[in-house]
Amino acid sequence: MPINHDHKTANALEIQGVGRRFGGFWAVKDVSLSVRPGERRAVLGPNGAGKTTLFNVLTGDLAASAGTIRMDGADVTQTPMHKRIKGGLRRTYQHAHLFDGLTVRETLFLAVSSVAGGWQRFMPLKPSDGAIGKAESLAQMSGLCSDLGREVANLSHGQRRQLEIGMALAENPKMLLLDEPAAGLSPSERPRLAELLLSLPKDITIVLIEHDMDIALRTSDSVSVLHNGRLLAEGSPENIMSNEAVHDVYMGGAHGH
Amino acid sequence: MKSALFLLPFALVPFFANDFWLVQIFGRALILGIIALSLTFLAAYLGVVSFAQATMAGVAGYTVAYFGPNTVDVGREMPFFVVLPLAMIMATLSGAIIGLIARRSQGIYAIMITLAIGVAFFYFTRQNYNYFNGWTGFSGIRAPEIAGTSLREPLPFYLLIILVSALCLLFVNGFIKSPLGLTIQAVRDAPKRVLAIGIPTTPVIVSAYAFAGFIAGSGGILNVWYQERISSFSVGLGPIVDILVIAVIGGLKNPIGAFIGALAFVLLDTFAVDFIDRERFNTLIGLVLLAIIMGAPDGLHGLAKSWLSRFKKRPSENQV
Ligand SMILES: Nc1ncnc2c1ncn2[C@@H]1O[C@H](COP(=O)(O)OP(=O)(O)O)[C@@H](O)[C@H]1O
Ligand SMILES: [Mg+2]
């Protein structure tokens, strides 16, 4: 892959004219935005606006149909997903998408050793393995330390969301893409999630899709609003809250799609 | 560790069984069990049903036949300590190649592609005389003599079979707890998520098939010593289906199922002739298979497990 390092525009994320088409339908169309290193960016928009599709294109889950994606100045538009992950990108999925047959410890172990190296080993795992220790501290961070030995299939919905985040935090991510991490959490679990997000190291760049306005606005410096696959508005949380177009989309014709 | 204890009853067989029971029943069951184990491994941990396991075993068998003592004019004899590792390497390699071809296929497509590979290999062995001696294949294959002990003697041969069976079970159970083994199970559960934590899935799938080839190869070597011959029919549709039937009857969820299924299969295969015509055996095994699929989808192993848990009190739930 060609790495074109451009020092003037070394934004954590810089995308230009990005689009994704399903058949004749552009789920994401001509989106350009840039996110500074360490910035906390919320992505808002009604259901079907193209938020998840945008994430899929950013991570490489889906190929972009148009545009270019740069991370830390390097063009990663054609880079396969696992290499983008090695470069420090992590994501969570809106619909938790986990290894149901493994335990929490094994899942977090894989999240660590996939980036740090060592997943290829075929000798039985020792409890003293360094990556196991890291997995256990990830469990601690995501509030799962009493569930380390449980099979993922037996976790509650909230715990699955916590595990998603724990996996994404493995091995010092540079940029986190969180897709509705609060979805399906009970009102009592939400503040804890907000705390967790606020407690993350400040040098991690976070892009957060969130319907819970309280969490989204509390944890972010800036907001981008998507509508019908296009970027509708961008600005500080205060700006966005008072933006009329945004209000129209959320209050008025939000059910258009 | 615990699961190898399951083979303990097999280890006691020499104390009361005659040579017929020792080799033709228990020995043969364990050999078929090892080959079926390679299928059960792929089914349980990669989530793929492979029809190419008799093929991988056959690759090891043909290697032993070609480079070992035989009574046909094909091949080149080499010492057994060269031939055995070579046979294992060839079987493992065949597994890796089949995995590379089938890597994107799941469910019915994996079945079709592995079946196609198996059938292609069958026709290839029939038509190739330089390496496979066509449809007649190899006969007069003899197990070697190691340190003064002939492996053609029933007891040493049986002890070798049970040792290899136990090792294969231990390998499988150790491997699935290794980082690579865990990754294989992760690919079974959510392949896209494996990419999303930074692991390319192709090497994972290929190594699962290669490991299955290694296991099938160990069974294939023992099988060619047991049969003392190998031909295209040893890798044809019959053995391919037998291995699948054994794995399904035993249960695809647990490695032990392969051995339970193999013992049931060999007992039926050997003694059903006493009650029904030879030609009706396929009907009988078909009915047994149907009954298992309808009544006990997790096979005899699953059936035994649920019976056992009914006898026990409530199983403790706080095992972590
Ligand atoms: N794989 C797909 N194939 C076809 N259409 C899709 C696919 N994924 C998403 N879409 C469509 O793209 C639009 C945007 O979806 P999505 O990105 O999930 O929206 P959001 O996350 O903002 O709710 C929707 O209309 C959805 O139906
Ligand atoms: Mg979405």
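Naming: A, B, ... by sequence-line order, numbering from 1 per chain. Nothing here was measured: the structure is a model prediction, and the numbers come from that model. Computed over heavy atoms, backbone and side chain alike; hydrogens, waters and symmetry mates excluded.
When each of A:V152, A:T107, A:D100, A:T59 is checked for heavy-atom pairs under 4.5 Å with chain B, A:D100 comes out on top. Per-residue counts of heavy-atom pairs under 4.5 Å with chain A were compared for B:L195, B:V194, B:I176; the largest is that of B:L195. The most heavy-atom pairs under 4.5 Å with chain A, out of B:A190, B:A196, B:S207, B:P203, come from B:A196.
Of all non-hydrogen atoms in A:R192 and A:S142, the two that sit nearest each other are NH2-O, 4.1 Å.
The closest donor-acceptor contact from the side chain of B:R103 to the backbone of B:L100 lies under 3.5 Å. Side-chain atoms of A:R20 do not come within 3.5 Å of backbone N or O of A:V57 as any donor-acceptor pair. Panel note: side chain B:R188, backbone A:F99; no donor-acceptor pair is recorded below 3.5 Å. The backbone N or O of A:G38 lies less than 3.5 Å from no partner atom in the side chain of A:K202, so there is not a single donor-acceptor pair.
Around atom CG of A:N172, no more than 12 heavy atoms belonging to other residues, nucleotides or ligands sit under 6.0 Å away.
With a threshold of 4.5 angstrom between heavy atoms, B:V187 does not approach chain A through any atom at all. Interface residue A:F109: only side-chain heavy atoms are found under 4.5 Å from chain B. For A:I85, the part lying near chain B is the side chain, with the backbone staying farther off; criterion is any non-hydrogen pair under 4.5 Å. For A:M123, the part lying under 4.5 angstrom from a heavy atom of chain B is the backbone only.
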